[in-house]
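Below, read A as the first sequence line, B as the second, and so on, with proteins coming before strands; counting in each chain starts at 1.
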Number of protein chains: 2
Amino acid sequence: MAATGLPTIREVARLAGVSVATVSKALNGSGKVSEPLKVRVQSAAESLGYAPHASARSLRSGATRILGLLVADLTNPFFLHLVETIERLASAAGYSVILCNSGENAEREKRNLQMLLSQRVDGIVLMPTRQNWPGRVGVLSNLTMPRLLVDRLLDGLETDSVTIDNTLAGRLAAEHLLALGHRRVGLIMGSPEHQIARHRLDGFRDAFAAAGAPIEARFLEKDAFDEAAARAAAHRLLASPERPTAIFATNNHLALGLLGAIAETAIEVPREISVITIDDLPWARIMRPGLTVVMQPTEAIADAAVTTLLGRIAAPEAAEAGEHTAIVLKPYLLERGSTGPVEAAA
Amino acid sequence: MAATGLPTIREVARLAGVSVATVSKALNGSGKVSEPLKVRVQSAAESLGYAPHASARSLRSGATRILGLLVADLTNPFFLHLVETIERLASAAGYSVILCNSGENAEREKRNLQMLLSQRVDGIVLMPTRQNWPGRVGVLSNLTMPRLLVDRLLDGLETDSVTIDNTLAGRLAAEHLLALGHRRVGLIMGSPEHQIARHRLDGFRDAFAAAGAPIEARFLEKDAFDEAAARAAAHRLLASPERPTAIFATNNHLALGLLGAIAETAIEVPREISVITIDDLPWARIMRPGLTVVMQPTEAIADAAVTTLLGRIAAPEAAEAGEHTAIVLKPYLLERGSTGPVEAAA
DNA sequence: TGAGTAAGAAAAAACGTTTAACAGGTTCGG
DNA sequence: CCGAACCTGTTAAACGTTTTTTCTTACTCA
């Protein structure tokens, strides 16, 4: 039973001596209400501390002014930064945000999706888990509200999206190392099954191949899924005969493992080994040496996501017609101290 | 106009050939419904992809099963970690989370509070901005739902809270430095007006005073509010004659500035200067040297917060009677490489 | 056999809004 | 001076649930 004790529109109406309909119109600025009456209503509402009941309002109007934010993994600083920015932009546009974390877990993602559907949020920003689950694209395409994929795409799901060019990201890392003279390089990545990792690999590998210095298979560390695995992989690379002069970690979790491994040896960065990764991190710039990274334009991604989604909410027709916008943003290189010329390592 | 196209309980009822009341009871497990009918209803709901309309439900039942999370500043990794943990615990308990960021801005905090009130969330976890605003405690104590302060207390507001012992945090830092032989130390902090900073200062200063090595006024850098100010303060300390052998930064924003400043000089950590701060950070352990910190038990804080708040939601009577629980958790020292014996610096 | 009872299902009211339809009064053109 | 148009406000319906109350049916037992 409710009994929240909060005043209803009814009591505001009684105090102002008008009907509830008039209160609604006066407070929302909809319909015609004379100026003096409007201020009378407003002050009545003010004095009662009236706060319109959002559930009642959205039950009637069909809009919640809430955005669902479904994040694959909140422990990832990149997503965290995205969340912070999206919340800010949404809030500025008058939308609240329900935050859901899937923790890279299919079951949780499914439950969260169901909840957002029940909640009738006006739109969903979706950063899907890597782990797929049966019926996922079906559920997603049956969603009745506008939705938008960020960072990761989903095979078979046609919808708006905002991503970055991951092939370019890999290539930027490669070209930087090539320009510094590196020819024998290592790479630590997750599963090549995953689009993002694969694209980064492709960009990186192709650039080296094109330069006539194909990457040796033994320096390709695949299937490192977390920091610990990356650390182990890094140790293998570091201990190998004729070890690489540079190592590329394809995301920031893995970079943490790589740096941890290097810290456990006496190997010096960048003199003896160069390190490069993707994603800026708050600490990358205060490290000694600073970490050279391929930046993802996080704020631009968030901006594009919110703008596109709100546009869909305002005008859903285009999407129904099967038109979708796929925004692809460009990463860029930020050179700091962790990469250096290869000559020094000789 | 709504027209979301989602099935209502009515259509489930029609398909199952029963009344809406029966559907409600069958799906919620409330009331008496025969077993065969229950499964018939469930499969009807399933086949239609029925998702109960949360607004309608909470309009009627008075409960939203949503928690409001009002954070002072989402760019702070400590709060971020807290948010991540609270979301996880709330989700496990069947609650969703509306995330609001005040960005240390009074106006935004006020607006967010109003929104959460309108939204009729079942409870609010409140991490208030440092900046106070007129009528704040009034607004907060008039809130009709259970609420709980985390990290920061508010003068004059009697409510449940979860905080850490900041005096102890300061003392732990001081005792660690004292044990290493440091007698000439510097401190970088925000405003002493703020309870947290003041307590940390007190604990730190008192421990040094008690050890017969009071902190020199010129080494007390107050009113450093952001990273840039901390960096400037750090440069002053580092350039001063007979500079400190150790510096304590009272939070992680300031530590970033301090480390940045040190990185701009040739001064070596910990040989020439020891560095200690509060809050663990993801990068603190992979830095070289690792950063010695006084840890806040973040997960324990989140756990206590969620548990207490959910308890209040389940049984609001005690709070109404004026009883409040004030949980104070203990920080602890985590020694890494950034602090060392003072002899080396002589 | 028939009244009493218990169980299961249905009907209807209520939650707090918004909004379409409507009503009363004033203004204005003809 | 009359009807139309307009302006401002009210009435009432509707949104999709949950829950209280009522109804039906079948069963029990004297």
Side-chain angles (χ1 to χ4, degrees), chain A residues 1-42 44-45 48-66 117-122 144, chain B residues 1-42 44-45 48-66 117-122 144:
Chain A
M1 240 354 338
T4 64
L6 281 174
T8 73
I9 197 174
R10 234 186 193 75
E11 313 180 33
V12 177
R14 195 174 316 141
L15 180 61
V18 296
S19 74
V20 295
T22 305
V23 175
S24 174
K25 285 179 195 159
L27 259 29
N28 297 323
S30 57
K32 296 264 135 198
V33 177
S34 69
E35 197 56 33
L37 194 46
K38 184 183 286 188
V39 308
R40 203 168 89 211
V41 169
Q42 279 167 344
L48 284 179
Y50 170 69
H53 195 303
S55 293
R57 188 204 290 261
S58 54
L59 173 59
R60 171 63 226 229
S61 68
T64 52
R65 296 199 78 77
I66 296 183
L117 186 61
S118 260
Q119 222 49 252
R120 303 295 196 274
V121 295
D122 289 346
T144 51
Chain B
M1 238 352 344
T4 63
L6 280 175
T8 72
I9 197 174
R10 232 186 196 73
E11 313 179 34
V12 177
R14 195 175 315 142
L15 180 61
V18 297
S19 73
V20 294
T22 304
V23 174
S24 173
K25 284 180 198 159
L27 259 30
N28 296 324
S30 57
K32 296 263 134 200
V33 178
S34 66
E35 197 55 32
L37 195 45
K38 185 182 285 187
V39 308
R40 202 168 89 212
V41 169
Q42 280 168 343
L48 284 177
Y50 170 68
H53 194 302
S55 293
R57 188 203 290 261
S58 55
L59 174 59
R60 171 64 224 224
S61 69
T64 52
R65 296 199 76 79
I66 296 182
L117 186 61
S118 262
Q119 218 56 247
R120 301 296 196 273
V121 295
D122 288 345
T144 52

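Here the shortest heavy-atom pairing between A:Tyr50 and A:Thr8 reads CE1-C, 3.6 Å. Across A:Asn28 and A:Arg57, no two heavy atoms sit closer than the pair OD1-NH1, 3.5 Å. Here the shortest heavy-atom pairing between A:Leu27 and A:Ala45 reads CD2-CB, 4.2 Å.
When the P atom of C:dC15 is taken as reference, atom CZ of A:Arg10 falls 7 Å away, rounded to whole Å. Summarising the geometry, the separation between CG on A:Leu48 and P on C:dG16 is reported as 14 Å, rounded to the nearest angstrom. Put simply, CD1 on A:Ile9 is 14 Å from C1' on C:dC15, counting in whole angstrom units. Put simply, CZ on B:Arg65 is 13 Å from P on D:dT18, counting in whole angstrom units. Rounded to a whole Å, the CZ atom of B:Arg14 is 12 Å from the P atom of D:dG16. Look at CD on B:Gln119: it is 16 Å from P on C:dG16, rounded to the nearest Å. Spacing between atom CG of A:Leu117 and atom P of D:dG16 amounts to 14 Å, rounded to whole angstrom units. Going from atom CG of A:Leu59 over to atom C1' of C:dT18 covers 10 Å, rounded to whole Å.
For B:Thr64 (side chain) and B:Arg120 (main-chain N/O), a donor-acceptor pair under 3.5 Å exists by modelled atom type.
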All N/O pairs under 3.5 Å across the protein-nucleotides 7-9 of chain C interface:
{"from": "C:dA9", "atom 1": "OP1", "to": "B:Ser34", "atom 2": "OG", "distance (Å)": "3.2"}
{"from": "C:dA9", "atom 1": "OP2", "to": "B:Ser34", "atom 2": "N", "distance (Å)": "3.1"}
{"from": "C:dA9", "atom 1": "OP2", "to": "B:Ser34", "atom 2": "OG", "distance (Å)": "3.4"}

Under 3.5 Å between N/O atoms: give me all the protein pairs with nucleotides 12-14 of chain D, atom names plus distance.
{"from": "D:dA14", "atom 1": "N3", "to": "A:Arg60", "atom 2": "NH1", "distance (Å)": "3.2"}

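Each of B:Ser24 and A:Ala56 was matched to the nucleotide of DNA chain D holding its nearest heavy atom; the match closer to the 5' end belongs to A:Ala56. Take the nearest nucleotide of DNA chain D for A:Glu35 and for B:Asn28: the residue whose nucleotide is more 5' is A:Glu35.
Remark: B:Thr144 OG1 to A:Leu6 CG distance equals 4.0 Å, nearest 0.5 Å. To the nearest 0.5 angstrom, B:Lys32 atom NZ is 14.0 Å from B:Thr22 atom OG1. One distance of note links CZ of B:Arg40 with CD of B:Glu35; it measures 13.0 Å at 0.5 Å rounding. Between the CZ atom in B:Arg14 and the CD1 atom in B:Ile9 there is a gap of 12.5 Å [rounded to 0.5 Å]. Between the CG atom in B:Leu117 and the NE2 atom in A:His53 there is a gap of 10.5 Å [rounded to 0.5 Å].
Taking 4.5 Å as the limit, every side-chain heavy atom of B:Val18 sits out of range of all side-chain heavy atoms of B:Lys25.
Rounded to 10 degrees, the angle separating the terminal helix axes of the helix from C:dT1-D:dA30 to C:dG30-D:dC1, each built from five base pairs, is 50°.
Screening B:Ser58, B:Ser55, B:Ser118 for a side chain to side chain donor-acceptor pair (under 3.5 Å) with A:Ser55, the sole residue that qualifies is B:Ser58.
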